[in-house]
2 protein chains.
Amino acid sequence: MSKAERLIEMMITINAKKDFTAGELADEFSVSKRTILRDLQELEQAGFPIYSEVGAAGGYHILKERILPPVAFSESEAKAIFFACQALQFYRDLPFEQETISVLKKFLNCLPLDVQNSITQIQNKIVFWIPDRHCDSPLLKSMFHIAINCHAATIRYSSTYSERTRTIIPVGLYAMNGLWYCPAYCTTAHQIRVFRVDRIKEIIEEKPCPKGNYPIPASIREYLEKTGPKNDCRIKIQLTDTGVKRCESESFLAGGLKTFSTGGGIIDMEINHASLEWVADYILPFGNNATVLEPAELTELMRQKIYELHQHYCK
Amino acid sequence: MSKAERLIEMMITINAKKDFTAGELADEFSVSKRTILRDLQELEQAGFPIYSEVGAAGGYHILKERILPPVAFSESEAKAIFFACQALQFYRDLPFEQETISVLKKFLNCLPLDVQNSITQIQNKIVFWIPDRHCDSPLLKSMFHIAINCHAATIRYSSTYSERTRTIIPVGLYAMNGLWYCPAYCTTAHQIRVFRVDRIKEIIEEKPCPKGNYPIPASIREYLEKTGPKNDCRIKIQLTDTGVKRCESESFLAGGLKTFSTGGGIIDMEINHASLEWVADYILPFGNNATVLEPAELTELMRQKIYELHQHYCK
DNA sequence: TAGAATAATGACAGAAGTTGTCACTATTCG
DNA sequence: CGAATAGTGACAACTTCTGTCATTATTCTA
């Protein structure tokens, strides 16, 4: 094994161990302790953040942030990294320090000039756009740590209708369409609810998760993909061609959408009863491009809304 | 300069040059040609993709993809890269090969075990969620190349109401909420329109951009942030508290939203006349939580819609 | 307090690796 | 054919690396 190889291997080993002695490494790499000491000195000079303590219980330790062994990326991988970072750049808040992402731009300077240009050119043409939300989520980082540590939190939450104090056990966080959401088991309502992080006004207390058996998914992905509330209400809505097109833009309803070769289509799906209100609001602007077939409750809801609108606008 | 340093420098130089001869490099690094030949052999054995041609006009060339010189990342930078890549993982289509992103996972294996675990743990708790759109954009990659090359394209496009053939000059592409959009100068309509990439049914022809002076923004970002259609219509909509909360979720209208300390608020902004229809549809479900103050045209539009609904649902 | 374990440094000789030179072959282009 | 190129082999000079030994200093533990 050449010296260069050994140095790289050493970086990996050191990062993995965090704490070690010169003697250990000497055994591991089958070289003398003296050589290891020289190597460590070299790594240190190259900026590798290790420090040492002499004495019987002494040894080497990693100082601050670990530096990972150098990785050689191919051109297209490098481009992909920039793409990915670009996808985050329009988020107002991220659950970790934004500087970390921007530091990655040092990477850009390592690339050959023509690649730099091609990346700039691509960034002129492609954007992962997120509508600007005008609302900050100052507690995002705190909620992130609570979720990671599987803690519970007592929060002051301002919902559409009221402001309340609740104790929640977060499942995790997800960003959608520029807003951050936190599905969490609410110990007040005894079920999983979704909280908008920008509407959490205050974290009153963070504490270890109280003991007990809560039906909380193991990962946020699992929550998003599989669970969610029970579907206990069947809806059938007939659509015209125009109605179908509009509906395709909405992921939730599009899931139950079937189109007819003769034109038009139908939404036929099971939904949560609590979503009925949302469905009514969603198809209201469809006008006569949508016709509610089932349930009668939905038709009634539509009529109520129309009546209310009629009163409000037509006096 | 040590051998190791020289090899790294050589990788950079080679990548920058793409074509070179052993003699050139020998001069550049002030070593003998023989040494360079030995170095090149070593790089080749390490997997560096170069090939050579003997003969008077011969030399070395880069084969396939360039491999960039190794970069050492810190732990938090590495985490950030994974975050960023995660932000892309729910896109059905990306304008470049998806494998590129997943290949990056080789990177994960280079990390110390505990970091791998912490990344996994974070990925269990954080997701950049994009609603599943049920509609593919098979022509995304083609549109990407057309946009990058500043070409024009003749497309068959299926809008909400009709299917037409148009010749467009793309400004670029943007992804929003899981769908890809292509703002482009339409040579049929003589203005910039936004096309949904999944609704482009066919690219009939790609050709160089026809000469002429088109009012096309230099970058997609510029388009999204600054331009957009002219605002020629003022709207004023009064909102209750509930109306304000609902409105805050919508970036476009939230831009013109002012809230009163006494409760409630008002949307007061200039919009494009063509957006009136959209505004009407948007605030229709607000019921009496929204009251249109201006313009009369909007009130009239609302009344029409309500009338239509009344006919449709209340017979 | 002595002893063991640790880091750190210096000197030096032998081992290992690197480099330049020279000689040579083979290929390609004009 | 001649010039320019890649590629290989041998070898000596040079450089770097490594192990050994000796030494100092620090810290913990028995």
Side-chain angles (χ1 to χ4, degrees), chain A residues 1-67 69-70 72, chain B residues 1-67 69-70 72:
Chain A
M1 181 186 263
S2 79
K3 187 190 168 192
E5 282 177 276
R6 193 181 58 231
L7 285 178
I8 291 178
E9 284 293 317
M10 262 174 76
M11 284 199 265
I12 298 173
T13 312
I14 290 172
N15 271 321
K17 279 180 190 279
K18 284 181 165 177
D19 303 299
F20 58 94
T21 67
E24 270 170 53
L25 286 193
D27 282 350
E28 202 162 326
F29 289 101
S30 313
V31 291
S32 70
K33 208 175 121 187
R34 184 70 185 87
T35 303
I36 292 292
L37 285 170
R38 277 190 281 239
D39 286 351
L40 287 175
Q41 206 165 36
E42 219 168 294
L43 285 181
E44 225 172 342
Q45 273 169 13
F48 209 80
I50 45 178
Y51 77 106
S52 56
E53 273 173 1
V54 294
Y60 288 85
H61 311 277
I62 288 180
L63 182 70
K64 286 187 197 166
E65 264 243 307
R66 294 186 271 187
I67 290 186
Chain B
M1 182 185 266
S2 81
K3 189 190 169 191
E5 282 179 277
R6 192 180 59 233
L7 284 178
I8 291 177
E9 284 292 318
M10 260 174 79
M11 284 199 265
I12 299 173
T13 311
I14 290 172
N15 270 321
K17 278 182 189 278
K18 283 182 168 176
D19 303 299
F20 58 94
T21 67
E24 270 170 53
L25 285 194
D27 283 349
E28 202 162 324
F29 289 101
S30 314
V31 291
S32 71
K33 208 175 117 187
R34 185 71 185 86
T35 303
I36 291 293
L37 285 170
R38 278 190 281 239
D39 287 351
L40 287 176
Q41 209 166 34
E42 220 168 295
L43 284 181
E44 225 173 341
Q45 273 169 12
F48 209 80
I50 44 177
Y51 76 107
S52 56
E53 273 172 3
V54 295
Y60 288 84
H61 311 278
I62 288 181
L63 181 71
K64 287 186 199 164
E65 265 244 308
R66 295 187 270 190
I67 289 185

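Chain naming here is simple, since letters A, B, ... match the order of the sequence lines and numbering starts at 1 in each.
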To the nearest 0.5 Å, tell me how far [X] [atom1] sits from [Y] [atom2].
X        : Y        : atom1 : atom2 : result
Leu40(A) : Arg38(A) : CG    : CZ    : 12.0 Å
Met10(A) : Phe48(A) : CE    : CZ    : 9.0 Å
Leu43(A) : Ile50(A) : CG    : CD1   : 6.0 Å
Thr21(A) : Lys33(A) : OG1   : NZ    : 8.0 Å
Glu42(B) : Leu37(B) : CD    : CG    : 12.5 Å
Thr35(A) : Leu25(A) : OG1   : CG    : 12.0 Å

Using only side-chain N and O atoms of [X], determine if any of them is under 4.0 Å from OP1 or OP2 of [N].
X        : N      : value
Gln41(B) : dA6(D) : no
Ser52(A) : dA8(C) : yes
Tyr60(A) : dA8(C) : yes

Would you name the heavy atoms of Ile67(A) and Ala72(B) that are closest together and state the gap between them?
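Looks like CG2-CB, 3.9 Å.
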
Pick the nucleotide of DNA chain C nearest each of Ser2(A) and Leu40(A); which residue has the one closer to the 5' end?
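First, find each residue's nearest nucleotide; the 5'-ward one identifies Leu40(A).
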
Euclidean distance, atom [atom1] of residue [X] to atom [atom2] of [N] [Å, nearest integer]:
X        : N       : atom1 : atom2 : result
Phe20(B) : dT5(D)  : CZ    : C1'   : 13 Å
Met1(B)  : dT18(C) : CE    : P     : 16 Å
His61(A) : dT6(C)  : NE2   : P     : 12 Å
Glu53(B) : dA26(C) : CD    : C1'   : 15 Å
Glu5(A)  : dG17(C) : CD    : C1'   : 13 Å
Arg6(B)  : dT15(D) : CZ    : C1'   : 12 Å

Step by step, work out the side-chain contact (heavy atoms from CB on, under 4.5 Å) result for Phe20(B) and Thr13(B).
CA-CA 9 Å; Phe20(B) 58 94; Thr13(B) 311; over 6 Å; no

Got a sec? Which of residues 23-38 of chain A come in under 4.0 Å of DNA chain C, heavy atoms?
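Residues of residues 23-38 of chain A that come under 4.0 Å of DNA chain C are, in numerical order, Arg34(A), Leu37(A).
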
More 5' along DNA chain D: Ala56(A) or Glu42(A), using each one's nearest nucleotide?
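It is Glu42(A), whose closest nucleotide lies nearer the 5' terminus.
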
Based on the rotation axes of five pairs at each end, what angle does the helix from dT1(C)-dA30(D) to dG30(C)-dC1(D) bend through, to 10°?
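Axis angle across the helix from dT1(C)-dA30(D) to dG30(C)-dC1(D), nearest 10°: 30°.
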
With sequence neighbours left out, write down each residue that passes side-chain hydrogen bond (donor to acceptor under 3.5 Å, both in side chains) with Asp39(B), or none if nothing qualifies.
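Per chain and number, Asp39(B) pairs via side-chain hydrogen bond (donor to acceptor under 3.5 Å, both in side chains) with Arg6(B).
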
